[in-house]
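Here's the structure we're looking at; comments come further down.
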Amino acid sequence: MRLLAGLLTSLILLLACAAVVQAQTPLEPLSTDARLQVAIMDFPGYSEVDENGHAVGRTVTLVEKLLQQAGLAYEIRILPAARIWKGLEDGSVQIWPGIVNKPGLEAHTLLTRRTLGTVGINLYYPPGTRPPAWPQGVKGKRLILITNYTYTAQLMRTLSDPALNLTFHSGSSHLGAVRMLLRGRGDYLLDYRAQVDTVVDSLGIEALPHITVAEQSMRLVVSRRTPDATRLVQALDLAYDQLLARGVELDVTRQ
């Protein structure tokens, strides 16, 4: 029995050492012959096109840091959501910083393990009114949603519950949606926290009262059609760890 126990202990130590060596072994460099096609949604302050036609903003800067640390060539474009999702499916978009909440998209993509921040979705209500209970407090009310934006699967299931008897109104932009709420053209607004914060700043008004109904972590999303997609994900996570070890802030909401 002592001999068997000794052999098992030796085997465990050998496997542990092998795991450490594997974790410390650097990845082989990825091919940089072609520029990686990176797409980001328009998000004022975080990702937008400047007067010279260049992609700028906090998200753009963070993604560039990671790609440069990984030694990768890239091209960043600001694209609408529908084009990004289609591009991830067919491989014309290879990297996107975001959250996978579009049904079916997970089958076409891989995710980095490291996160770039938390994306919050809030239910906004008019100033001077009481906060509603979620979700029963919005029963029978008019809810403003953003055209062509996706919400989490759980939120969509809640919104589609016939018992809530919701009436939906569409805002073509975050600015327009906020104005709709303030003008009484809807009882509540369901929108992304950072987007509304930017609108509030641009209008110079007090922060809108709200309750948080969902939070999701943003990651780098890689199309499965990208050459060496799995190794690319590993390289991006490694670049993240290297930057973090140097004290670089990697939460886009704190940039």
(message) Let me confirm one number: the CD-CD distance from Gln216 to Gln154, rounded to the nearest 0.5 Å.
(response) 10.5 Å
(request) Can you see which heavy atom on Leu159 is nearest to which on Phe168, and at what distance? (result) O-CZ, 3.5 Å
(message) Please check: side-chain N/O of Asp187 versus main-chain N/O of Arg142, any donor-acceptor pairing under 3.5 Å?
(response) yes
(message) Is it the case that the side chain of Ser47 and the backbone of Met41 share a donor-acceptor pair, with hydrogens and angles ignored and the cut-off at 3.5 Å?
(response) yes
(message) In the structure I gave you, are the side-chain heavy atoms of His174 and Thr198 within less than 4.5 Å of one another anywhere?
(response) no
(request) Begin from the C-alpha positions of Leu143 and Leu123 and carry the test side-chain contact (heavy atoms from CB on, under 4.5 Å) through to its verdict. (result) CA-CA 9 Å; Leu143 185 62; Leu123 183 73; 3.7 Å; yes
(message) Do Thr226 and Ile95 have side chains that approach each other closer than 4.5 Å (heavy atoms only, starting at C-beta)?
(response) no
(request) Output yes when a side-chain donor or acceptor of Thr147 lies under 3.5 Å from a complementary backbone atom of Gly171, and no otherwise. (result) yes
(request) Calculate, to the nearest 0.5 Å, the distance between atoms CD1 and CG belonging to Ile99 and Leu105 respectively. (result) 11.0 Å
(request) Identify the heavy atoms of Pro131 and Tyr125 that sit nearest to each other, and give their distance. (result) CB-OH, 3.3 Å
(request) Output the distance between atom CD (Gln234) and atom CG (Asp237), rounded to the nearest 0.5 Å. (result) 8.5 Å
(request) Check whether Ile40 and Leu236 end up in the same hydrophobic cluster, where Ile, Leu, Val, Met, Phe, Trp and Tyr are linked by side-chain heavy atoms less than 4.5 Å apart. (result) yes
(message) Any donor-acceptor pair under 3.5 Å linking the side-chain atoms of Tyr74 with those of Gln68?
(response) yes
(message) For Val56 versus Asp50, what's the shortest heavy-atom pair and its separation?
(response) CG1-OD2, 3.6 Å
(request) Classify the ring geometry between Tyr124 and His210 as parallel (under 30°), tilted (30 to 60°) or perpendicular (over 60°). (result) tilted
(request) Measure the CD-CD1 distance between Gln37 and Ile84 for me, rounded to the nearest 0.5 Å. (result) 12.5 Å
(message) Check this for me: Arg225, atom CZ, are more than 12 non-hydrogen atoms of other residues, nucleotides or ligands nearer than 6.0 Å?
(response) no
(request) Please check if the side chain of Tyr240 supplies one atom and the backbone of Thr115 the other of a donor-acceptor pair under 3.5 Å. (result) yes
(request) Say whether Met218 and Leu62 are linked into one hydrophobic cluster, either directly or through other cluster members, by side-chain heavy-atom distances under 4.5 angstrom. (result) yes
(request) Please answer whether the main-chain N or O of Arg113 pairs with a side-chain N or O of Arg219 as donor and acceptor at a distance below 3.5 Å. (result) yes
(message) In this structure, would Ile78 and Trp85 fall into the same cluster of hydrophobic residues linked by side-chain contacts under 4.5 Å?
(response) no
(request) State, yes or no, whether a side-chain contact exists between Val252 and Val63 at a heavy-atom distance under 4.5 Å. (result) no
(message) When you compare the side chain of His108 with that of Leu88, does any pair of heavy atoms fall below 4.5 Å?
(response) no
(message) I'd like to know if Arg193 pairs up with Asp197 as an ion pair, taking the criterion as any Lys NZ or Arg NE/NH1/NH2 lying under 4.0 Å from an Asp or Glu carboxylate oxygen.
(response) no
(message) For Arg224, I'd like to know if atom CZ has over 12 heavy atoms of other residues, nucleotides or ligands within 6.0 Å.
(response) yes
(request) State, to 0.1 Å, how close Tyr151 and Ile146 come at their nearest heavy-atom pair, and which atoms those are. (result) OH-N, 3.1 Å
(request) Can you measure from CH2 (Trp134) to OG1 (Thr158) and round to the nearest 0.5 angstrom? (result) 6.0 Å
(message) Is there a path of hydrophobic side-chain contacts, each under 4.5 Å between heavy atoms, that joins Phe43 and Val93?
(response) no
(request) Determine whether Val100 and Thr109 make a side-chain contact, defined as any pair of heavy atoms from C-beta on separated by less than 4.5 Å. (result) yes
(message) With rounding to the nearest 0.5 angstrom, report the CG to CG distance, Leu182 to Leu203.
(response) 7.5 Å
(request) Applying side-chain contact (heavy atoms from CB on, under 4.5 Å), run through Lys65 and Thr61 and close with a yes or a no. (result) CA-CA 6 Å; Lys65 286 179 182 178; Thr61 300; 4.0 Å; yes
(request) Indicate yes or no for a side-chain donor-acceptor contact from Ser173 to the backbone of Gly176 under 3.5 Å, with no hydrogens or angles considered. (result) yes
(request) Find out if a path of hydrophobic residues (ILVMFWY) with successive side-chain heavy-atom gaps under 4.5 Å connects Leu155 to Leu181. (result) yes
(request) Please report the shortest heavy-atom distance between Pro97 and Leu116, naming the atom on each side. (result) CB-CD1, 4.2 Å
(message) Leu66 and side chain to side chain contact (heavy atoms under 4.5 Å, CB included): which single residue from Thr112, Leu72, Leu220, Leu238 fits?
(response) Leu220
(message) So Arg185 and His169, do their side chains get closer than 4.5 Å, heavy atoms only?
(response) no
(message) Can you give me the closest heavy-atom contact between Lys102 and Glu106, atom names plus distance?
(response) O-OE1, 3.8 Å
(request) Start with the C-alpha distance between Leu208 and Val178, add both sets of side-chain angles, then the distance that settles side-chain contact (heavy atoms from CB on, under 4.5 Å), and finish with yes or no. (result) CA-CA 9 Å; Leu208 293 177; Val178 169; 3.9 Å; yes
